[in-house]
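From a predicted model like this one, the values you see are computed outputs, not experimental measurements. Chain letters run A, B, ... following the sequence lines, proteins first, then strands; residues in each count from 1.
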Amino acid sequence: MAIIDHDAALDRAGANVSSKWGQVWFLARRYPLGSVGAVLVIVFILTAVFADFIAPLDPTATNSRASLATPGSAYWLGADFMGRDMFSRIVHGARISLAVGLGATLLGGVLGVAIGLMSGYLGGWFDLATQRLMDIMQSLPLLVMALVMAAALGPSLENTIIAIAIPLVPTVARVVRSSTLSLREQPFVEAARAVGMGEMRIAVRHVLPNTLAPLIVLGTAQLGSAILTEASLSFLGLGIPEPYPSWGRMLSESAAEYVRTAPWLVVFPGIAISLAVFGTNLLGDALRDILDPRERT
Amino acid sequence: MSESNIPVLEVKDLKKHFPIKKGLLRRTVGQVYAVDGISFSIKSGETLGLVGESGCGKTTAGRAVLRLVEPTSGTIEVGGTDITHLSKGELRPYRRQMQIIFQDPFSSLNPRMYAGDIVGEPLLVHGVSSAKERAEQVAALFARVGLRPAQMSNYPHQFSGGQRQRIGIARALALGPKLIVGDEPVSALDVSIQAQVINLLQDLQRERQLSYLFISHNLAVVEHISHQIAVMYLGRIVEYADTRSIFTRAQHPYTEALLSAVPVPDPAIKRQKRVLQGDVPSPVKPPSGCHFHTRCPYAVARCKIESPPLREIAPGHHVSCHLR
């Protein structure tokens, strides 16, 4: 007969965890993939924040003698055809990618949540009008919209963020609206109404938190795709203007010409993008489980 | 006490019709006559059992009393004040006096809030802003409904169905209401738990002079808890009397049929069963005259033409039937 080690069983279930760090450690063991994602995201963020200290060289300084230098001791990850250090550019590129990814996701997310929540909760003509507006927004191709924006406002970091955020709004709004539609009929919403709670407060306190789980997954997936979209926009000259380093542009401008002669120009920005996107997705999956109290015991 | 003469709740000719909208222009093509003119009153410390089969409008009636659905017509008086047309802001102080307990103990609690916050929320909305004060009151409520105050920081999914219903009761009690609408509050629970919850409700009633509007399809439960019983059929009250009269001297054929469906825990008793034929007609097109004539074993020609009024046939005993 097996002897049950109660203490060990309790440890495994996380019952004896009391300190903050203990909790983090417990969650890390429970969600190994999620912690890999968390580490990647943390590295990504730290790189972006401390880019000035990490990068050995100025990412925009050119050096004609180092054009297409191979990876080595002088240029760790090689240099592009203008002789700019790839490592420094990738490190600084994290800043751009993070700014675009976070900025666009947050901007699109906040607008989408506000519109979706109001649309689903209020219903009626407001819902009808906003839903048709969302249809129109979704029917516009992203690149055409970005083109118009770049032509009207000029390419810049802010305009790139806005251009990527706008197509995100209808996606988020749809997700929030559909869960709001079912949530507003729930008895706990009625209970809040019976108590005399204001409709705005009900929407924010009772409905919104229950729509978050799918949003977190959507948000982290969008963070990755925002980074990718920024790359394509930058390639077309509609995103981040030269000489600022953008992973996407680094990848796309060298892909055609140098993929055979200087593959490091393609491989390393590609790895950077993949790791950032992969990390956010893994973290997002784990966060959804952790943030949903029903998934926890 | 002069106060006890004024009923806690007085409902007069309450109607709730839901429009059926169709087509692009959302034209109203018909009405669902969910509640079609019901009147009743509840005295302080008493329970009115509202019974009927599903779809008869009893839940809508309960919701309309609390103005969770807007009544189409009729009046609702709470403690002598007409609340039917009060604005949301004006209604708020009256919300303290009337609360609701729901049928489903799962969907009636926000899964993302701590049990303590759920129970404390009415206090928060009604201006108990100090967190400490709220926590103390919530702890007292938890203890009163038979939960441990330590469970305040648990999530709803960590409780059993019966415990969750206790949380719902604690939430309803938080503001010290005079009237609680129980919308099938025990129907979703195991029989043993049902008894516990009903006993809790009765203890609370004695302790706090609570009045209940107890909506249920279960006559056995209603008999146990109610002082008065109103039987609903297709949006109307067909019989309304004190519990004893309903169970001993039921007059309406529908009540008779309902009663004969209640199981009696004695195999020696042989009863004549009255099983109703057919289904409940649609509340969109209720039958002419007496709503019940399509299924009534005694129906005569008059029943199809003329709708019987709710008449007092004995003191306190109201029946809506041409034949009584």
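- When heavy atoms are compared at a cutoff of 4.5 Å, A/R201 approaches chain B solely by way of its side chain, counted from C-beta outward.
- Scanning residues 99-110 of chain B against chain A with a 4.5 Å heavy-atom cutoff picks out B/Q99, B/I100, B/F102, B/S107, B/S108, B/L109, B/N110, ordered by number.
- Within residues 49-68 of chain B, the residues having any heavy atom closer than 4.5 Å to a heavy atom of chain A are B/R63, B/L68, listed by residue number.
- Scanning residues 89-98 of chain B against chain A with a 4.5 Å heavy-atom cutoff picks out B/R92, B/R95, B/M98, ordered by number.
- In terms of heavy atoms, A/V195 sits closest to B/P122 at CG1-CA, 3.5 Å.
- Residues satisfying the salt bridge (Lys or Arg N to Asp or Glu O under 4.0 Å) criterion with A/E199, sequence neighbours excluded, are A/R193, B/K88.
- Here the side chains of A/R205 and B/L124 are in contact, with some heavy-atom distance below 4.5 Å.
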